[in-house]
Amino acid sequence: MSTAPAVQLSVVIPVFNEEANLPTLFARLYPVLDALQRRYEIIFTNDGSADRSFDLLRAQHAARPDVTRVIDFNANYGQHMAIMAAFENVRGEIIVTLDADLQNPPEEIPKLLAQIDAGFDYVGGFRLKRHDSFFRTFASKFVNFARSRMTSIEMTDQGCMLRAYKRPIIDAIVRSGAINTFIPALAYTFSSNPGEVGVQHDERLAGVSNYSLYKLIRLNFDLITGFTLAPLQLFTMFAMLSSAGSLALVAVLFYRRFALNLDRETFGVFTLFGILFFLLSVAMIGIGLIGEYVGRTYLVVRSRQRYFISRQLDTK
Ligand code: UDP
Ligand code: MG
């Protein structure tokens with residue numbers, strides 16, 4: 001039996017090639033947490049960095065073994081999996097996620113905690129003033145809009161990783177074992193009392209964003225397909241509409257030909273089109289329905305080892 005006092009706060013940080021940022025992160029983060037007067041731990045997940053990030057993390061673990069834990073992946077599995085691995089290991093009652101590149105100032109953590117203490121079980125940060133490229137900002141606004149239309153998830157700023165969660169939400173995320181997931185959205189679905197608070201947002205201290213356009217698009221696919229089958233259903237609904245439309249077209253053609261005795265020469269061609277449209281729509285509905293079943297099967301079957309932890313440094 002361990003006699004160590006319970007950990008109150010776990011701070012989770014994914015790290016991918018952040019050697020230039022880690023020293024500043026350590027210098028700013030630890031004092032903020034030390035000043036909180038709560039028992040805390042920081043879990044860094046090294047997401048297969050190719051630079052000296054792991055060495056820096058190991059040195060930091062040696063310097064502050066009382067509160068520092070490091071998870072080391074064998075390869076790069078992406079930011080959300082890095083966070084997920086830390087979630088599976090957290091000990092704290094409150095969990096805070098944060099980026100390693102200092103775009104989320106650690107000094108804002110107390111703001112989130114104040115909201116949690118006020119009774120919210122999930123507090124999302126939204127960036128008061130974004131420091132990202134115009135394209136990045138625009139794309140994220142667009143996806144925000146699509147998400148809020150297609151899912152029931154309400155978030156001012158889905159891209160902000162500075163967030164705080166109560167432990168039961170993290171446990172639910174871990175139990176749901178999702179692959180390719182978008183953690184802030186998943187957490188939202190488990191929250192009974194979500195809150196939001198504005199936070200500062202800075203430019204990346206050093207290096208460039210690890211998200212290429214391709215990765216970003218894939219992440220947003222995850223966000224939409226991971227939470228709703230709405231795109232499939234929209235497709236089926238569209239097919240149903242067009243099927244109804246072509247049926248109406250055939251009816252009009254028959255009416256003109258036989259009731260009004262018009263279109264004697266062209267009747268055949270147009271009827272053929274009418275019937276073709278109708279059959280096409282039926283085929284589209286069929287594809288949509290199959291997609292629906294495949295989608296639902298997909299929701300159930302995706303369970304597989306999502307990452308591999310090669311080393312772990314624990315608090316001492
Ligand atoms: N990150 C990671 N694995 C990846 C990509 C990013 O762990 O494959 C980490 C990265 O080190 C940082 C955070 O996720 O702590 C956010 O990444 P980044 O700053 O590149 O994204 P952006 O701020 O542009 O959204
Ligand atoms: Mg960043």
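We number each residue from 1, following the sequence as shown. Start at 1 and go down the list; that is how both ligands and their atoms are numbered.
Atoms of ligand 1 found under 4.0 Å from any heavy atom of Ala100 (numbered from 1 in listed order, with element): 12 (C), 15 (O). Every atom of ligand 1 is numbered from 1 in the order shown, and the set under 4.0 Å from a heavy atom of Asp101 is 19 (O), 23 (O). Residue Gln103 has at least one heavy-atom neighbour below 4.0 Å for each of these atoms of ligand 1: 19 (O), 22 (P), 23 (O). Taking a cut-off of under 4.0 Å to the non-hydrogen atoms of Ser209, the atoms of ligand 1 that pass are 20 (O), 21 (O), 22 (P), 24 (O). Ligand 1 places these atoms under 4.0 Å from at least one heavy atom of Asn76: 3 (N), 4 (C), 8 (O).
The protein heavy atom nearest to atom 1 (N) of ligand 1 is Phe16 CB, 3.7 Å. Shortest contact from atom 4 (C) of ligand 1 to any protein heavy atom: Asp47 OD2, 3.4 Å. Among protein heavy atoms, the minimum distance from atom 21 (O) of ligand 1 is reached at Tyr211 CD1, 3.3 Å. Atom 9 (C) of ligand 1 has as its closest protein heavy atom Pro14 O, 3.8 Å. The nearest protein atom to atom 25 (O) of ligand 1, hydrogens excluded, is given as Arg136 NH2, 2.9 Å; this is a heavy-atom distance. Among all non-hydrogen protein atoms, the one lying nearest atom 13 (C) of ligand 1 is Asp99 OD1, 3.4 Å.
A salt bridge is defined here as a Lys NZ or Arg NE, NH1 or NH2 lying under 4.0 Å from an Asp or Glu carboxylate O, and Arg58 with Asp72 fails to meet this definition. Between Asp171 and Arg167, at least one side-chain N (NZ, or NE/NH1/NH2) sits under 4.0 Å from a carboxylate O, which counts as a salt bridge.
In Asp101, the N, O or S atom that comes nearest to the Mg ion (ligand 2) is OD2.
Looking at Ala82 next to ligand 1, no N or O pair under 3.5 Å apart turns up. Considering backbone and side-chain N/O atoms, Val208 never comes within less than 3.5 Å of an N/O atom of ligand 1.
Here OG of Ser53 is found 6.0 Å from CG of Asn46. Values are rounded to the nearest 0.5 Å. Distance check, rounded to the nearest 0.5 Å: OG of Ser243 to CE of Met284 gives 10.0 Å.
Residue Thr45 does not touch ligand 1, judged by heavy-atom distances below 4.0 Å. Residue contacts with ligand 1 for Asn210 involve both N, CA, C or O and side-chain atoms from C-beta outward (heavy atoms, distance under 4.0 Å).
Put simply, Ser209 stays out of reach of the Mg ion (ligand 2), with no N, O or S atom under 2.8 Å from it.
Contact between Lys215 and ligand 1 is present, with at least one heavy atom of the residue lying under 4.0 Å from the ligand.
Side-chain contact annotation: Glu41 with Thr315, donor-acceptor N/O pair under 3.5 Å absent. There is a side-chain donor-acceptor pair under 3.5 Å between Ser192 and Asp121. Side chain to side chain, Tyr307 and Thr45 fail the donor-acceptor criterion of an N or O pair below 3.5 Å.
The only member of Arg163, Lys166, Gln115 that meets side-chain hydrogen bond (donor to acceptor under 3.5 Å, both in side chains) when paired with Tyr122 is Arg163.
A donor-acceptor pair is defined here as one N or O able to donate and one able to accept, closer than 3.5 Å; such a pair exists between the side chain of His201 and the backbone of His131. Panel note: side chain Lys215, backbone Gly78; no donor-acceptor pair is recorded below 3.5 Å. Using modelled atom types, no side-chain atom of Glu18 and backbone atom of Ala100 make a donor-acceptor pair closer than 3.5 Å. Put simply, the side chain of Ser49 never gets that close to the backbone of Asp51: no donor and acceptor are under 3.5 Å apart.
For atom 10 (C) of ligand 1, the nearest non-hydrogen atom from the set Arg204, Met161, Glu18, Met81 belongs to Glu18.
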